[in-house]
Colleague: 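Sharing a structure, written as structure tokens. Questions coming.
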Amino acid sequence: MRTLLHFGCLCVAVISLCGQLAGAETNAPAFDLNKSAACIERVKQLLQTVADLEAAALSSNETARAECIRDRHAKIVGLLDLSNESQSRLHSPHSEEITAADEAAYSEILLACARAERVAAEAEACLNMETKKLNRPRDADRPVEKPGDTANRKPARIARPQKAGIRNEQTCLHQDRLAALLVAAMDLRISATNSPNANITALTKLAIEPLDGWQSNDCTNLDDLCVAVARALNLKVENPSAPASYEQALREEGLPVDTLLPARIPGASPPLLFESEVRAFFLAGYAAPLPSSRSVPTD
């Protein structure tokens with residue numbers, strides 16, 4: 001029997017999409033052209049700011065930092081293109097009929113604006129990526145327990161949703177499935193079919209992707225999940241080029257990285273993930289059930 005997990009819409013940092021974009025307001029228009037236009041202008045400002053950061057890094061011969069910033073600059077260009085295209089699809093807010101397509105386009109603009117803010121912050125963090133020291137994972141910071149000292153012993157990790165097994169190409173969650181779960185959790189209106197390619201394209205336009213981009217048939221590892229989810233939530237990271245920084249950001253947000261996901265082993269490749277682990281992480285972490293019982297697609 002297929003398991004359906006119920007997700008609420010993702011509340012993105014900087015702006016609140018939940019409620020407003022779901023039509024919770026009764027007397028207000030479904031969208032505000034002035035607000036969407038202001039968002040687009042803000043994205044343009046951020047694009048120029050990041051371009052200036054890249055130019056400064058190049059003039060100082062800081063090649064690694066310039067490349068880090070250049071990657072963020074390209075993402076903001078994509079976000080600006082997406083915003084302009086979505087804006088062109090909006091009708092007048094005084095129109096008698098506000099369609100679902102209007103609401104979807106408006107949602108895309110606000111989400112792109114929020115993502116641009118965070119990507120610009122990542123670009124600024126590129127300036128310090130060689131000097132800042134990342135916080136160590138919580139497990140590494142825990143004091144060594146002395147024999148017989150059980151007074152402050154913490155509870156053991158809760159059981160994971162899938163028993164330990166072989167993590168390989170046959171059992172792992174592939175990235176196209178991760179993209180589908182993210183799209184469902186964010187309640188993005190992609191298409192009638194929400195095909196794997198459509199999901200990945202939509203997330204890429206919003207600069208929500210693993211560090212190396214989406215690779216449909218590749219297994220999802222711990223790094224891929226942490227980076228994609230941190231970007232979807234617009235979390236601030238210390239070092240935008242280090243996966244461990246995104247993992248730490250999820251911890252600091254209070255998400256169950258340590259309880260529901262396999263631990264990172266020093267010196268080893270990041271562990272591959274099972275779909276059941278990722279589903280449980282989404283449900284327990286940042287997605288809350290809604291009365292509408294919206295379900296994650298399983299096809």
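Only heavy atoms go into these numbers, but all of them, side chains included; no hydrogens, no water, no symmetry mates.
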Colleague: Begin from the C-alpha positions of C172 and R167 and carry the test side chain to side chain contact (heavy atoms under 4.5 Å, CB included) through to its verdict.
Modeller: CA-CA 6 Å; C172 72; R167 298 177 184 272; over 6 Å; no
Colleague: Please answer: with hydrophobic residues joined when any side-chain heavy atoms are less than 4.5 Å apart, are L182 and L272 in the same cluster?
Modeller: no
Colleague: In Å, rounded to the nearest 0.5 Å, how long is the span from CG of L110 to OG of S83?
Modeller: 9.0 Å
Colleague: Checking E252 against L235 for the side chain to side chain contact (heavy atoms under 4.5 Å, CB included) test, could you report, in this order, the C-alpha distance in whole Å, the side-chain angles of both residues, the deciding distance, and whether it holds?
Modeller: CA-CA 10 Å; E252 293 172 356; L235 300 184; over 6 Å; no
Colleague: Using a 4.5 Å cut-off on heavy atoms from C-beta on, say whether the side chain of S36 contacts that of L90.
Modeller: yes
Colleague: Please confirm whether the backbone N or O of E103 pairs with a side-chain atom of S107, one donor and one acceptor, at under 3.5 Å?
Modeller: no
Colleague: State, yes or no, whether a side-chain contact exists between V50 and I69 at a heavy-atom distance under 4.5 Å.
Modeller: yes
Colleague: Below 4.0 angstrom, N of the basic side chain to O of the carboxylate: do R42 and E117 qualify?
Modeller: yes
Colleague: Heavy atoms, side chains only, cut-off 4.5 Å: are E209 and R231 in contact?
Modeller: yes
Colleague: Indicate yes or no for a side-chain donor-acceptor contact from E238 to the backbone of S245 under 3.5 Å, with no hydrogens or angles considered.
Modeller: no
Colleague: Going by heavy atoms in the side chains, are E275 and H174 under 4.5 Å from each other?
Modeller: no
Colleague: Is the shortest heavy-atom distance from the side chain of R115 to the side chain of V119 under 4.5 Å?
Modeller: yes
Colleague: Do F282 and V227 sit in the same hydrophobic cluster, where Ile, Leu, Val, Met, Phe, Trp and Tyr count as joined when their side-chain heavy atoms come under 4.5 Å apart?
Modeller: no
Colleague: Quick one: do T171 and N168 satisfy side chain to side chain donor-acceptor pair (under 3.5 Å)? Show the steps, please.
Modeller: CA-CA 5 Å; T171 62; N168 56 27; 3.2 Å; yes
Colleague: With the side chain counted from C-beta on, respond yes when L178 and W214 share a heavy-atom pair under 4.5 Å apart, and no when they do not.
Modeller: yes
Colleague: Nearest 0.5 Å, what's the CD-CD distance between Q45 and Q48?
Modeller: 10.0 Å
Colleague: Do the cysteine sulfurs of C68 and C126 sit under 2.5 angstrom from one another?
Modeller: yes
Colleague: Under 4.5 Å between side-chain heavy atoms, counting indirect links through other Ile/Leu/Val/Met/Phe/Trp/Tyr residues: same cluster for V237 and V257 or not?
Modeller: no
Colleague: Between L80 and L46, is there shared hydrophobic-cluster membership here, with clusters defined by ILVMFWY side-chain heavy atoms closer than 4.5 Å?
Modeller: no
Colleague: Measure the spacing between CG of L53 and NE2 of H73 and express it to the nearest 0.5 Å.
Modeller: 10.0 Å
Colleague: So, the side chain of D224 versus the backbone of N221: is there a donor-acceptor pair under 3.5 Å, distance only?
Modeller: yes
Colleague: Taking the side chain as everything from C-beta on, heavy atoms only, tell me whether P240 gets closer than 4.5 Å to Y246.
Modeller: yes
Colleague: Apply salt bridge (charged side-chain N to carboxylate O under 4.0 Å, His left out) to K44 and list each qualifying residue two or more places apart in sequence or on a separate chain.
Modeller: E41
Colleague: Does a side-chain heavy-atom distance below 4.5 Å link L233 with L255?
Modeller: yes
Colleague: Test side chain to side chain contact (heavy atoms under 4.5 Å, CB included) on I76 and V43 and set out the steps.
Modeller: CA-CA 7 Å; I76 298 178; V43 175; 4.0 Å; yes
Colleague: Are K205 and E108 ion-paired here, with the side-chain N under 4.0 Å from a carboxylate O?
Modeller: no
Colleague: Looking at E122 and K75, is there a salt bridge between them, counting it only when a charged N and a carboxylate O are closer than 4.0 Å?
Modeller: no
